[in-house]
Trainee: 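I am attaching a structure below and will ask some questions about it afterwards.
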Amino acid sequence: MLHITHTTPNRLAAHLRRLQRAGEALLAHPDPVTTKAEGLWEVRVWRCLDKITDRHAFDAALARDLEDVGEIDLLAPRPSRSAAELDELLRRRIRRRLGTLASVLEQVEAHAELRSSGH
């Protein structure tokens, strides 16, 4: 069970839904995804997930990201990937994180239901 801090389950669920919509909007945009846009969204995602005390619950998701997608080195002088490769990489990271958000949202909604039913 999740341990939610600094907010209520319903508020956290609403924020997770907004983050999902923002991630889906990034994917739906026809222009290539920029590292800045993806990075800003990712920061918002992790700030939201910080409201759940057991942050280690997401370690497996991060490890899968690194295995499947790899790291994005923003400090490298010249990326070794083409613009198309970088766009696909960023889109895969966003899709992965959307999966994580969907899973967390499901758990938060279950937590909210239990709380509202008095359990």
Side-chain angles (χ1 to χ4, degrees):
M1 181 61 65
L2 299 175
H3 300 284
I4 299 168
T5 61
H6 309 310
T7 191
T8 65
N10 289 333
R11 287 185 72 157
L12 180 58
H15 193 64
L16 289 167
R17 284 187 209 98
R18 281 192 302 275
L19 287 170
Q20 280 183 315
R21 287 190 301 270
E24 290 165 353
L26 282 172
L27 292 177
H29 203 274
D31 294 333
V33 177
T34 65
T35 53
K36 181 180 178 181
E38 189 271 344
L40 290 172
W41 179 75
E42 183 83 3
V43 166
R44 289 177 53 213
V45 168
W46 286 111
R47 283 186 181 157
C48 182
L49 294 179
D50 275 342
K51 293 177 180 10
I52 301 168
T53 58
D54 188 10
R55 181 77 186 271
H56 296 291
F58 307 108
D59 288 349
L62 289 172
R64 280 193 308 272
D65 277 358
L66 290 175
E67 287 173 13
D68 180 51
V69 177
E71 287 189 66
I72 299 174
D73 187 1
L74 298 177
L75 301 177
R78 174 82 175 111
S80 60
R81 295 179 174 96
S82 71
E85 289 173 326
L86 184 59
D87 179 57
E88 181 54 33
L89 174 75
L90 293 170
R91 289 176 184 277
R92 279 197 319 224
R93 282 175 54 122
I94 292 167
R95 284 191 292 271
R96 282 256 192 202
R97 196 62 64 235
L98 285 171
T100 300
L101 285 174
S103 174
V104 171
L105 179 58
E106 188 176 293
Q107 293 176 54
V108 169
E109 287 172 337
H111 186 73
E113 279 184 36
L114 280 175
R115 205 167 166 209
S116 68
S117 68
H119 288 89

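Computed from a predicted structure; not experimentally measured.
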Trainee: Looking at every heavy atom in both Ala13 and Glu109, which two are closest together, and how far apart are they?
Mentor: CB-CG, 4.3 Å
Trainee: Measure the CG-CG distance between Leu49 and Leu16 for me, rounded to the nearest 0.5 Å.
Mentor: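 Taking CG in Leu49 and CG in Leu16, the distance rounds to 6.5 Å.
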Trainee: Search all heavy atoms of Ala22 against all heavy atoms of Arg44 and return the closest pair with its distance.
Mentor: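 So the minimum-distance heavy-atom pair works out to CB-NH1, 3.8 Å.
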Trainee: Rounded to the nearest 0.5 Å, what separation is found between the CG atom of Leu40 and the OG1 atom of Thr35?
Mentor: 9.5 Å
Trainee: Can you find a pair of side-chain heavy atoms, one from Glu88 and one from Glu85, that are under 4.5 Å apart?
Mentor: no
Trainee: Looking at CG of Leu26 and CZ of Arg95, how far apart are the two atoms once the value is rounded to the nearest 0.5 Å?
Mentor: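 Between atom CG of Leu26 and atom CZ of Arg95 there are 12.0 Å.
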Trainee: Write down the atom of Gly23, the atom of Ile94, and the distance for their closest heavy-atom approach.
Mentor: O-CG2, 3.7 Å
Trainee: What heavy-atom pair brings Gln20 and Leu98 nearest, and what distance separates the two atoms?
Mentor: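 Nearest heavy atoms, Gln20 then Leu98: O-CD2, 3.6 Å.
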Trainee: In Å, rounded to the nearest 0.5 Å, how long is the span from CG of Leu19 to CZ of Arg47?
Mentor: 11.5 Å
Trainee: Over all heavy atoms of both residues, which pair between Trp41 and Leu101 is shortest? Give the atoms and the distance, please.
Mentor: CZ2-CD1, 3.8 Å
Trainee: Shortest non-hydrogen contact from His111 to Pro9?
Mentor: CD2-CG, 3.4 Å
Trainee: From Leu90 CG over to Thr34 OG1, what is the distance, rounded to the nearest 0.5 angstrom?
Mentor: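 Here the interatomic distance stands at 7.5 Å.
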Trainee: Charged N to carboxylate O below 4.0 Å: is that the case for Glu38 and Arg92?
Mentor: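 Salt bridge between Glu38 and Arg92, a charged N being under 4.0 Å from a carboxylate O: no.
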Trainee: Measure the CG-OG1 distance between Leu105 and Thr100 for me, rounded to the nearest 0.5 Å.
Mentor: 12.0 Å
Trainee: More than 12 heavy atoms of other residues, nucleotides or ligands under 6.0 Å from CD of Glu24: yes or no?
Mentor: yes
Trainee: Tell me if the CZ atom of Arg11 is crowded by more than 12 foreign heavy atoms within 6.0 Å.
Mentor: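 Result for CZ/Arg11: open.
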